[in-house]
Amino acid sequence: MFEGKTILTGVKPTGTPHLGNYLGAIKPAIKLGQEAIANGGKQYMFIADYHAINAEKNPEILSEKLKEIACIYLAGGLDPNKSYFYRQSDIPEIPEITTILYAYTPKGFMNKAHAYKAAVDKNRAAGKPDDDGINMGLYTYPTLMAADIVAYDTDIVPVGKDQIQHVEIARDIAGSINAHYNKELLHLPEYYVDEHVAVVPGIDGRKMSKSYGNVIPLFEDDKSIKKAIFSIKTDSRPMEEPKDPEEILVYQIYKAVATDAQIQEMGDGLRQGKLGYGHIKNMLLDAVVNEIKDAREKYNYYMAHFSEVEGMLEEGAAKARPVAQATLKRLKDAVFGR
Ligand code: ADP
Ligand code: TRP
């Protein structure tokens, strides 16, 4: 898939990633990049720290979250030598490109962008003025994201459903610039949503999300993971009562981490009344720990040796910058008639 294509992923360093983020976004993004690279394509993977400052103003928190997210991608198997792995804020051409794109961004696009609309809705629900606490960074966020994408002639942007609209905005802005100058100054990106990636439920049955506080932590010690797993909601039916596994939350989460044979085994045990809730929670714990154990070791290593990671990010920026510089030059030449 994606032969010869350039794939780009940006992640905001906000919140500590949980098992749902890891299985639903981080691992699939790394895998997709590996496939692209193996087929003559490229993978850009960057940490969107300019996007993060719209919401997070504390430098210590920002740098800690950046550290975590960088180490998680490396732990998950991102190869910094084969991909372009960098910090958004290390590429000064991105804000320059953004400024040019602003001139082609209809204000109405920003009014409709759903990161902004969600913030307005939240204000309305709280009885506050529409734009309360909303800064220009949040309002114009899709244009910065468009610059991230077009800077590297990106073909494909793998996203969760919530980001589709932002990639479409990027495509529209690039399209209007090309149409205005009547040449392909900017490559038109497409979004890609992986329908096979399941939404991992949290310990209360809603989607696992940091905003619901229902997460299974990722790289904490076994004790914290066990604590989360043993607080997954169950009912008081006795073990012997045959149960439909699909109605059982532990089983639903298990499906995201276990092998087919393991899933079958738990399903049969529940249907036949041979497995109790204690058993299946232990099975889930083993599967989660097994899924993350190698990555957790690598994660702890990189967190303890972050200067190595710093070096990788700097090298990544040095590799990525010339590409963004070429795009900026193309744009400036056209815009200013140089
Ligand atoms: P959260 O809901 O914890 O705030 P984000 O909205 O920051 O997570 O999502 C970051 C990425 O992780 C997105 O690509 C999103 O699709 C993915 N993701 C978040 N929660 C889950 C989940 N429960 N299952 C699968 N993927 C998820
Ligand atoms: N807006 C994305 C998010 O909130 C992060 C992001 C910034 C991004 N720039 C990007 C994603 C470019 C893909 C491509 O998750």
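Every heavy atom of this structure was used, including side-chain atoms; hydrogens, water molecules and symmetry mates were not. Numbering of ligands and ligand atoms starts at 1, following listing order. Model, not experiment: these values are computed from the prediction.
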Asker: If I apply the N/O under 3.5 Å rule, does Val199 come out as touching ligand 1?
Answerer: no

Asker: Hey, what do you get for OH (Tyr84) to NZ (Lys42), rounding to the nearest 0.5 Å?
Answerer: 4.5 Å

Asker: Is there a donor-acceptor pair closer than 3.5 Å between any side-chain N or O of Gln165 and the backbone N or O of Lys112?
Answerer: yes

Asker: Is there a polar contact between ligand 1 and Asn21, counting only N or O atoms under 3.5 Å apart?
Answerer: yes

Asker: Provide the number and element of each atom of ligand 1 under 4.0 Å from a heavy atom of Gly24.
Answerer: 25 (C), 26 (N)

Asker: As an exercise, identify every atom of ligand 2 less than 4.0 angstrom from a heavy atom of Asp148.
Answerer: 7 (C), 9 (N), 10 (C), 12 (C)

Asker: Tell me which protein heavy atom sits closest to atom 5 (P) of ligand 1, plus the residue, atom name and distance to 0.1 Å.
Answerer: Lys210 NZ, 4.0 Å

Asker: Give the single entry among Pro158, Gly10, Pro13 that approaches atom 5 (C) of ligand 2 most closely by any heavy atom.
Answerer: Gly10

Asker: NZ of Lys5: more than 12 outside heavy atoms within 6.0 angstrom?
Answerer: no

Asker: Under 4.0 Å and counting heavy atoms only, is there anything from the protein next to atom 18 (N) of ligand 1?
Answerer: yes

Asker: Out of Ile248, Thr234, Ile229, Ile232, which one pairs with Ile280 under the side-chain contact (heavy atoms from CB on, under 4.5 Å) rule?
Answerer: Ile248

Asker: So which protein heavy atom does atom 14 (C) of ligand 2 come closest to, and at what separation?
Answerer: Leu8 CD2, 3.5 Å

Asker: Tell me, yes or no, whether the heavy-atom count around Lys67 atom NZ, taken from other residues, nucleotides or ligands under 6.0 Å, exceeds 12.
Answerer: yes

Asker: Look at the rings of His51 and Tyr141 and say which category their plane angle falls in: under 30° parallel, 30 to 60° tilted, over 60° perpendicular.
Answerer: perpendicular

Asker: Please classify the Lys12 to ligand 1 contact at 4.0 Å (heavy-atom distances, strictly less than): side chain, backbone, both or neither.
Answerer: neither

Asker: For Gln163, is at least one N or O under 3.5 Å away from an N or O on ligand 2?
Answerer: yes

Asker: Any non-hydrogen atom of Gln163 lying under 4.0 Å from ligand 1?
Answerer: no

Asker: Under 4.0 Å from any heavy atom of Ala48, which atoms of ligand 2 are there?
Answerer: 7 (C)

Asker: Apply the side chain to side chain donor-acceptor pair (under 3.5 Å) test between His187 and each candidate in Asp153, Asp155, Thr327, Thr154; give the one that qualifies.
Answerer: Asp155

Asker: Just need the protein heavy atom nearest to atom 6 (O) of ligand 1, so name the residue and atom and give the distance.
Answerer: Lys207 NZ, 4.6 Å

Asker: Give yes if a backbone or side-chain nitrogen or oxygen of Val200 is under 3.5 Å from a nitrogen or oxygen of ligand 1, and no if not.
Answerer: yes

Asker: Parallel, tilted or perpendicular for Phe2 and Tyr192, by the 30°/60° rule?
Answerer: perpendicular

Asker: Of the listed options (Gly202, Gly20, Ser211, Ser209), which comes nearest to atom 2 (O) of ligand 1 when hydrogens are ignored and any heavy atom counts?
Answerer: Ser209

Asker: Between the main-chain N or O of Glu220 and the side-chain N or O of Arg296, is there a donor-acceptor pair closer than 3.5 Å?
Answerer: yes

Asker: Taking everything shown except Lys107 itself, do over 12 heavy atoms lie less than 6.0 Å from its NZ?
Answerer: no

Asker: In ligand 2, which numbered atoms sit nearer than 4.0 Å to a non-hydrogen atom of Val157?
Answerer: 13 (C), 14 (C)

Asker: Determine, using heavy atoms of His166 and all atoms of ligand 2, whether some pair is separated by less than 4.0 Å.
Answerer: no

Asker: Assess the residue pair Ile156 and Thr6 against the criterion (side-chain contact (heavy atoms from CB on, under 4.5 Å)); give the C-alpha distance rounded to whole Å, side-chain angles, the decisive distance to 0.1 Å, and a yes or no.
Answerer: CA-CA 6 Å; Ile156 311 283; Thr6 295; over 6 Å; no

Asker: Please write down residue, atom name and distance for the protein heavy atom closest to atom 16 (O) of ligand 1.
Answerer: Gly160 CA, 4.3 Å

Asker: Any carboxylate oxygen within less than 4.0 angstrom of a Lys/Arg side-chain nitrogen, looking at Glu246 and Lys255?
Answerer: yes

Asker: If we only count N/O pairs under 3.5 Å, is Met208 in contact with ligand 1?
Answerer: yes

Asker: Should Asp333 and Lys329 count as an ion pair when the cut-off is N to O under 4.0 Å?
Answerer: yes

Asker: Give a yes or no on whether a salt bridge exists between Asp221 and Lys223, defined as a side-chain N under 4.0 angstrom from a carboxylate O.
Answerer: no

Asker: Going by the atom numbers of ligand 2, which of them fall below 4.0 Å from some non-hydrogen atom of Phe46?
Answerer: 9 (N), 10 (C), 12 (C)

Asker: Counting only heavy atoms, which portion of Ala25 has something under 4.0 Å from ligand 1: side chain, backbone, both, or neither?
Answerer: side chain

Asker: Would you indicate which of Tyr152, Tyr191, Tyr141, Tyr44 comes nearest to atom 1 (N) of ligand 2 when only heavy atoms are counted?
Answerer: Tyr141

Asker: Would you say ligand 2 has an N or O under 3.5 Å from any N or O of Gln88?
Answerer: no

